[in-house]
Structure formats: structure tokens, C-alpha cells
Protein chains: 2
Amino acid sequence: MSLATDAADKPTLYKRIRADIEKRILTGEWPPGHRIPFEHELVARYGCSRMTVNKALSELAQADLIERRRRAGSFVRRPQHQSAVLKIADIRAEITALGRAYGYELIHRKLRAATAADRDRLGVRKAGKVVSITCRHSADNVPFAVEDRLIDLSSVPAAAAADFSREPPGSWLLHHVPWTEAEHTISAIVADDHTADALAIAVGAPCLVIDRYTWRSARTITAVRLLYPGDSHRLVARFKGG
Amino acid sequence: MSLATDAADKPTLYKRIRADIEKRILTGEWPPGHRIPFEHELVARYGCSRMTVNKALSELAQADLIERRRRAGSFVRRPQHQSAVLKIADIRAEITALGRAYGYELIHRKLRAATAADRDRLGVRKAGKVVSITCRHSADNVPFAVEDRLIDLSSVPAAAAADFSREPPGSWLLHHVPWTEAEHTISAIVADDHTADALAIAVGAPCLVIDRYTWRSARTITAVRLLYPGDSHRLVARFKGG
DNA sequence: TACGATTATATGTCTAGACATATAAGTCAA
DNA sequence: TTGACTTATATGTCTAGACATATAATCGTA
């Protein structure tokens with residue numbers, strides 16, 4: 001085996017190949033649509049086996065940086081501004097990461113038969129029992145977010161017995177429900193009397209709303225609405241270019 | 001080679017292995033923290049070579065479904081609710097996808113030397129020229145979003161000569177700047193006089209704000225603020241469980 | 001008991017082949 | 001010119017090995 005290019009291979013070879021190609025795409029040397037070298041050409045350039053360059057190219061394809069077409073070759077993909085990774089952190093983690101004291105307070109908890117509104121919100125047709133929870137998260141004793149949650153007990157029966165007076169329902173679910181899918185909807189509203197009171201802000205002040213709907217294998221688990229003061233809270237989504 | 005499990009391998013073997021494991025994680029059969037079989041055990045179970053199961057496990061690790069630790073094994077990771085893929089679609093695409101007529105209108109365009117505020121917004125220190133653009137996107141002639149953008153001409157000199165009267169600056173940049181990274185910040189505000197007028201909404205109505213800052217290889221390209229009527233517009237982020 | 005050295009082992013990377021398969025490109029007939 | 005057929009080729013997947021390396025577990029010593 002030989003190193004056809006430059007320096008010593010501190011990282012592994014396939015990572016270096018991947019980084020080399022990534023760099024050329026990033027700098028624009030290889031613009032969108034450009035055909036990158038065939039595998040056998042890269043094999044010759046780096047003096048390695050095909051499996052090694054294949055691993056590098058496969059990862060680039062998985063990251064949507066390139067597109068691979070049989071018989072045709074591999075091509076640089078057009079950048080997709082529209083896709084970004086949004087980090088909706090666990091609230092406790094978010095607050096402690098800011099170096100502030102996390103506070104949690106259960107405001108309301110009720111177990112009831114699902115109303116029509118509940119079923120609509122959870123996206124289920126059958127009647128069943130639900131737990132409705134309202135709570136507040138605070139940072140250094142200042143209200144940070146209010147949470148209004150509905151848990152489908154037919155999916156998570158254990159939630160009926162759970163004590164949410166000290167542990168937030170979000171973290172409880174994280175520890176008791178195996179793996180989930182979720183959909184987030186972000187919107188803006190102005191605070192009504194009730195919201196303003198809960199968040200200690202003025203009526204008419206802007207609020208950022210995150211509605212999260214969570215399910216597992218087509219089974220509804222929970223629906224939650226998080227309300228943040230809109231002028232102080234910000235969601236940051238960083239687009240990864242690979 | 002043999003098939004130790006069930007049916008014929010319509011998809012490829014490593015995909016089947018990956019899907020099998022993914023399923024057990026999803027259903028909760030293998031909860032977070034659970035050690036999944038060692039590579040050599042999977043090799044025995046599926047009757048294939050180690051590289052094949054390694055490929056399956058590597059992809060699961062890349063998708064953050066499992067964590068691999070040398071000498072210890074591979075473990076099911078805790079679900080990460082906080083990470084979601086936010087689709088911030090190109091506005092034109094978003095509107096046409098809704099089956100509505102896309103409209104674009106340039107409100108203001110000015111080429112100027114960067115002011116202190118401009119440099120602050122773009123995150124650059126050196127003085128230089130910028131293009132400032134204000135424009136409006138509409139759906140079926142109803143205001144959909146107003147865009148306020150700053151382009152750094154030292155990074156994108158061609159933008160000085162670009163005509164943004166018909167083509168939105170976002171799509172122009174997409175076609176002229178090779179590959180970019182971006183950071184999005186989402187917040188909520190209430191409409192002031194100016195905003196209310198531009199979006200044809202009431203003063204004090206909620207607005208969703210997306211601030212996008214774009215760069216390439218540590219070079220600033222553009223900063224843009226998009227304002228949407230908060231009660232009608234929604235950002236949807238779907239969390240993929242693998 | 002606590003700590004440092006040794007060992008066993010699962011993963012990480014890599015090779016030099018192989019056959020499968022989709023498809024771009026060329027060929028030939030209607 | 002057009003359509004159907006053939007061929008060449010780049011990628012997709014897979015094998016049966018190999019050595020490297022981080023580290024959990026064990027063992028030995030202070």
C-alpha cells in the first residue's frame with residue numbers, strides 16, 4: 001500500500017479521502033453537478049482498494065453531499081438550504097447548559113376519559129383514557145416555558161401511576177418509552193391573559209410555540225405544546241454541510 | 001452462504017440486518033442501554049462475513065440509533081427527542097407545493113458601503129460593500145413573507161450586478177454560490193407599523209421570524225431575516241428515528 | 001485495599017479479489 | 001428518424017481473510 005498524495009495519514013485513509021472530496025465541494029472547486037472521479041480513479045490516486053474509496057463515497061452519499069448513479073458516476077449535489085438540523089433540546093438540559101438553575105413546577109394534573117378534543121389532538125379515533133398535565137419550567141426562578149401535555153394511556157399505561165410532581169413528564173417519557181418519532185410544529189402567537197400570567201409577561205407579548213406530536217410505530221404517545229416568551233427565547237438550527 | 005433467519009432476501013443482506021435491528025429497537029424489545037449482539041454473533045446468525053454486519057452496524061451508528069464501544073460492544077442509544085430535521089423550504093417551492101400562485105416583488109435594493117450595523121449583522125470586521133434588499137413573497141396575491149437581506153459583496157462580487165427585480169435573491173444565491181453552511185434562529189415578535197403594513201396584518205399581530213446567517217468556509221455570504229404572519233405560517237420539523 | 005501492569009477481545013480499518021445489476025451508449029433494423 | 005436490442009461500465013454488495021487499537025477485565029504487587 002502507498003500514499004499517493006501528501007502527508008502522513010493521521011486519520012484513517014477513508015476519512016482522508018472523504019475529507020478531501022468534501023473540501024473540494026465546499027470550496028466550490030467541484031460545483032453542483034460536477035462528476036467526481038470514478039472509484040477506480042480514486043483507487044489509483046490513493047493507492048488503496050476499492051472498498052476503501054467506496055466507504056468514503058458511501059458516507060458522502062448518505063450525507064447527501066453527492067449523488068451516486070450506476071454506470072454514470074458520482075455527482076456533487078446542489079446545496080439544500082431548506083434542510084437544517086434543529087436542536088430542540090430537553091428543557092432542563094437547555095437551562096443548565098446556560099449555567100442557570102433549573103426549576104420545575106407541576107401546575108395541573110388530571111386523569112380523564114379522552115374528550116373529542118383530546119382525541120383530535122392526539123390523532124386517535126378510539127376513546128380511551130388520557131393524562132393531562134400542565135407544568136412550568138423556570139431558569140433562576142424566572143418562568144422559561146409552560147408545558148401543556150396530553151399522554152395517551154392506552155399507549156403508555158404506566159403514565160397513569162407516574163408522579164409528575166417532581167419529574168417533568170418529558171423526561172419521564174424519555175425513560176419509559178423506548179423509541180419514538182416526533183413531529184414539531186413551530187408557530188407564533190401573542191400571549192392571552194392566561195399565558196401572560198403563567199409566563200409572567202405582558203398580555204399581547206409575542207410567544208414562540210412548539211407543538212410536538214410523538215408516536216411509536218403508528219401508536220400515538222403524547223402531544224405537547226410548549227410556550228416560550230418570544231422575545232427572549234430562540235431556536236437555533238444549524239445547517240450541516242455534510 | 002446461508003440464510004439463518006426467515007424469508008428470501010429481496011433487499012440486500014446488510015439492509016435486512018440493519019432493518020432487523022432497527023425494528024427491535026423501535027419496538028422496545030431492545031431498550032436503550034441494551035447491548036446488541038456482537039458482530040461475530042450476527043455473523044453466525046446470518047451466515048455472512050463480518051464486513052456485512054459491520055456495514056449494517058456502522059450505518060445504525062451513523063444514524064445515532066446505536067453507540068459502538070471498542071471491546072465493550074454496541075448499545076442501543078437513548079432516543080434524542082431534541083434533534084429534528086427542520087425543513088425550511090425555499091419559499092417559492094413552499095408556496096407552489098401548496099398549489100398556490102407564487103408572487104415576488106422587490107421593494108428596495110441598495111448598494112452601499114457597510115455600516116457598523118451591517119458589519120455587526122454579517123459578523124465581519126473589515127469595511128466593504130454590501131447589497132441591502134427588501135422584498136416580499138406572496139401566495140395568491142396575499143403577502144406570505146417579507147425578506148430583509150444583506151449580501152456581502154466582498155464574498156459575492158457578482159451580486160452587485162445581479163438584477164433582483166424578478167429573481168428572488170435567495171434563489172439567485174443558490175445558483176451562484178457553490179456550497180454553504182447556515183445557521184437559523186427562530187423567534188417570535190409582534191408586528192410593528194412597518195411590518196404590519198408589509199404583511200397586511202394588524203399591528204400587534206404575532207410574527208414568526210427566521211434569521212438565517214450563511215457562510216462558506218468561514219467567509220460570510222449573506223444574512224437574511226424572514227418575517228411570516230405567525231398565526232398562519234407554521235414550520236414543521238419531523239424527527240426521524242433512524 | 002488500592003493501584004499499576006498485563007491480557008483478552010470487540011470494534012476499526014483495510015485488502016484483493018468476486019459476481020450482480022442498473023443503465024448510458026452504441027448498434028442495427030424498420 | 002425512431003425504436004428495439006446489445007454491450008460496456010460504474011456502482012452495489014459480498015467474502016475470507018488481516019493487522020491495529022482502545023479498553024474492560026484480570027492479575028499481581030505495594
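Just the heavy atoms: all of them, side chains too, but no hydrogens, waters or symmetry mates, feed the values below. Residue numbers begin at 1 in each chain, while the letters A, B, ... track the order of the sequences. What you see is a predicted model; the values in this text were computed from it and never measured.
In this structure, B:Met51 places its CE atom 12 Å from P of C:dG12, rounding to the nearest Å. In this structure, A:Glu41 atom CD and D:dT11 atom P are separated by 9 Å, rounded to whole Å. Between B:Tyr46 atom OH and D:dT15 atom P the separation is 13 Å, expressed in whole Å. Note: CG (B:Leu13) to C1' (D:dA16) measures 15 Å, nearest angstrom. The separation between B:Arg18 atom CZ and D:dG12 atom P is 14 Å, rounded to whole Å. Going from atom CD1 of B:Ile66 over to atom P of C:dT11 covers 9 Å, rounded to whole Å. Counting to the nearest Å, the P atom of D:dA10 and the CZ atom of A:Phe75 are 11 Å from each other. Atom-to-atom, CD of A:Glu39 to P of D:dT9 comes out at 16 Å; the value is rounded to the nearest Å.
Checked by distance alone, A:Arg70 brings a side-chain donor or acceptor within 3.5 Å of a matching partner on the base of C:dT21. Applying the 3.5 Å distance criterion, the base of C:dA22 shares no donor-acceptor pair with the side chain of A:Arg69.
In this structure, A:Thr96 has no side-chain hydrogen bond (donor to acceptor under 3.5 Å, both in side chains) partners at least two apart in sequence or on a different chain.
For B:Ala72, taking side-chain heavy atoms from C-beta onward, the closest of the listed nucleotides D:dA24, C:dT11, C:dT23 is D:dA24. Out of C:dT11, D:dT13, C:dT15, the shortest distance to the side chain of B:Thr12 is found at D:dT13. Residue A:Lys15 places its side chain closer to C:dT13 than to any other of C:dT11, C:dT13, D:dA10. Relative to the side chain of A:Arg71, the nucleotides C:dG12, C:dA25, D:dA22 differ in distance, and C:dA25 lies closest. Comparing C:dA24, C:dT11, D:dG12 by their closest approach to the side chain of B:Ser74 singles out C:dT11.
With respect to A:Asp20 and A:Arg45, no salt bridge is recorded, no charged nitrogen being found less than 4.0 Å from a carboxylate O. Using a 4.0 Å cut-off between charged nitrogen and carboxylate oxygen, A:Glu39 and A:Arg68 count as a salt-bridge pair.
Under the 30°/60° scheme for interplanar angles, the aromatic rings of B:Trp215 and B:Tyr213 are found to be tilted. Ring pair A:Tyr102/A:His137 is tilted by interplanar angle, where 30° to 60° counts as tilted.
Phosphate proximity of C:dC14 to A:Lys55: absent, as no side-chain N or O sits under 4.0 Å from OP1 or OP2. The side chain of B:Thr52 contributes an N or O atom lying less than 4.0 Å from OP1 or OP2 of D:dT15.
Nearest-nucleotide mapping onto DNA chain D: of A:Phe38 and B:Arg50, the residue sitting toward the 5' end is A:Phe38.
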